[in-house]
Number of protein chains: 2
Amino acid sequence: MAAQESHEEEVPTRERILREASRLFSRKGYHGTSTREIAEAVEIRQPSLFHHFPSKRDIMSELIDIDHGESSIVAERQAAGKGSAALRLYRYLVWDIAFICRCAYDLTSVELVVDDPIFADKMAKRDALVIARRSMIEQAIDSGEFVSVDADLAEKAIVWILRGDIADTAGQAVPDADVVADQLASFILRALLEDASQLGEIRAAGSITEV
Amino acid sequence: MAAQESHEEEVPTRERILREASRLFSRKGYHGTSTREIAEAVEIRQPSLFHHFPSKRDIMSELIDIDHGESSIVAERQAAGKGSAALRLYRYLVWDIAFICRCAYDLTSVELVVDDPIFADKMAKRDALVIARRSMIEQAIDSGEFVSVDADLAEKAIVWILRGDIADTAGQAVPDADVVADQLASFILRALLEDASQLGEIRAAGSITEV
DNA sequence: GAGGTACCCTATCGATTGATAGGGGTGATC
DNA sequence: GATCACCCCTATCAATCGATAGGGTACCTC
């Protein structure tokens with residue numbers, strides 16, 4: 001309380017670089033954004049960036065890790081769980097969407113850039129996430145909770161919605177994150193459930209317990 | 001039949017540029033793709049590109065027009081139509097998805113790049129498409145066909161799915177375009193319909209008449 | 001107060017970018 | 001056979017890219 005400013009607005013430069021870079025990457029693309037633009041947004045000179053990150057690629061790399069890290073843990077835990085697979089999918093979806101909405105960074109560019117050959121080393125964790133999601137869908141189809149859709153296509157549709165939500169919220173702190181999360185997760189569940197009237201129970205059960 | 005090769009494999013250079021550029025743009029991004037890479041893929045030298053297009057930007061610009069042109073016409077016609085709004089939305093969706101699947105170009109990059117400031121002039125037509133889609137959703141909610149969801153959010157979810165499908169098919173001629181179109185349109189309709197049992201009627205009616 | 005660390009600066013590097021200048025070959029038309 | 005349009009070439013441009021070199025200043029530790 002002595003040396004610290006009471007404003008508490010003090011955001012470390014490294015943190016500001018990640019925020020501004022993520023914002024620019026998603027508006028203009030990774031390759032379309034120069035290190036000079038990032039530096040200007042952070043209000044430092046361009047070479048000063050390289051004091052905090054060894055290269056431009058490492059800035060993007062850290063954003064990818066932030067995006068993939070916790071999501072894959074939650075998805076894999078839910079995929080390996082017991083009980084209603086539809087409920088477990090709902091829980092994962094609500095958690096992931098809320099995470100996206102609350103994130104300080106604009107992670108839009110992440111899903112676009114992992115397909116770029118220069119970030120090929122980041123694809124493994126992304127693939128693990130895909131497998132976990134598809135597993136939950138297949139479990140729900142086998143148990144009769146979901147209609148008999150193409151599990152691959154359904155998983156893709158879910159990713160597309162998540163990816164779109166990332167682009168839409170775009171790093172701005174969404175005040176009603178939980179509302180958006182429930183709305184989108186309900187949209188997805190309604191498209192998949194054999195009996196749409198079960199959605200009420202799932203939403204009630206999903207909002208009680210922790211993931 | 002005299003001067004023409006019987007192989008009929010003769011694809012004009014300009015056409016090949018559009019195809020290869022669209023493929024590269026979606027894999028590496030617009031800014032991440034150099035004119036030298038495009039030229040190499042087309043098997044000509046880099047300056048020869050500029051005989052067919054005045055600039056790299058004009059190549060992307062033409063791909064954007066291809067993507068937005070017919071889609072907006074079909075969407076606006078269906079939005080202004082009469083009768084079941086759910087059916088009209090289904091017809092538009094099936095047409096658009098099938099169009100995406102059959103397109104010779106990989107239009108993944110289009111939806112990403114229209115947000116880039118340098119393509120700001122292309123945003124008007126994209127906005128018209130958004131309005132037409134949201135209009136159909138609002139009509140279906142008002143008539144009681146759809147559950148009372150947030151029309152903005154539903155429209156976004158649809159775009160995200162369409163965008164994802166574009167990225168997924170990625171310019172390769174999908175053999176079962178009509179099957180994929182019906183599956184994805186059904187996914188969306190099921191998520192929105194108040195009475196899911198109406199989907200059968202809509203699919204039957206949608207496959208008979210032309211758009 | 002000497003040494004070390006953290007952070008930012010100016011100046012500049014080599015590589016790559018999109019685009020232009022200008023020449024050459026081919027085929028159709030008159 | 002002269003002309004012209006079409007298409008592709010080599011050579012090269014200025015601008016911009018990511019990254020490095022090296023110096024200056026504030027602050028902490030001993």
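Quick note on labels: first sequence line is chain A, next is B, and so on, each numbered from 1.
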Nearest-0.5 Å distance, CZ of residue A/Phe25 to CG of residue A/Leu63: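 Reported value, rounded in 0.5 Å steps: 7.0 Å.
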Would you mind reading off the distance between A/Arg14 atom CZ and C/dC8 atom P, rounded to a whole angstrom?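 Taking CZ of A/Arg14 and P of C/dC8, I get 13 Å after rounding.
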Rounded to the nearest angstrom, tell me the gap between atom CD1 in B/Ile17 and atom P in C/dA19. 13 Å
Which nucleotides of nucleotides 8-23 of chain D have their base under 4.0 Å from a protein heavy atom (B), which only their sugar-phosphate (S), and which neither (-), written as one string 5' to 3'? SBBB-----BBBB---
Heavy atoms only: give me the nearest B/Leu192-B/Ala154 pair and the separation to one decimal. CD2-CB, 4.0 Å
List the steps and the verdict of side-chain contact (heavy atoms from CB on, under 4.5 Å) for A/Arg190 and B/Val149. CA-CA 12 Å; A/Arg190 212 182 300 119; B/Val149 294; 3.9 Å; yes
Under 3.5 Å, is there a donor-acceptor pair between the B/Ser61 and B/Asp58 side chains?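 No, B/Asp58 and B/Ser61 have no side-chain donor paired with an acceptor closer than 3.5 Å.
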Sub-3.5 Å donor-acceptor pair from the side chain of A/Lys56 to the main-chain atoms of A/Thr33, do we have one? yes
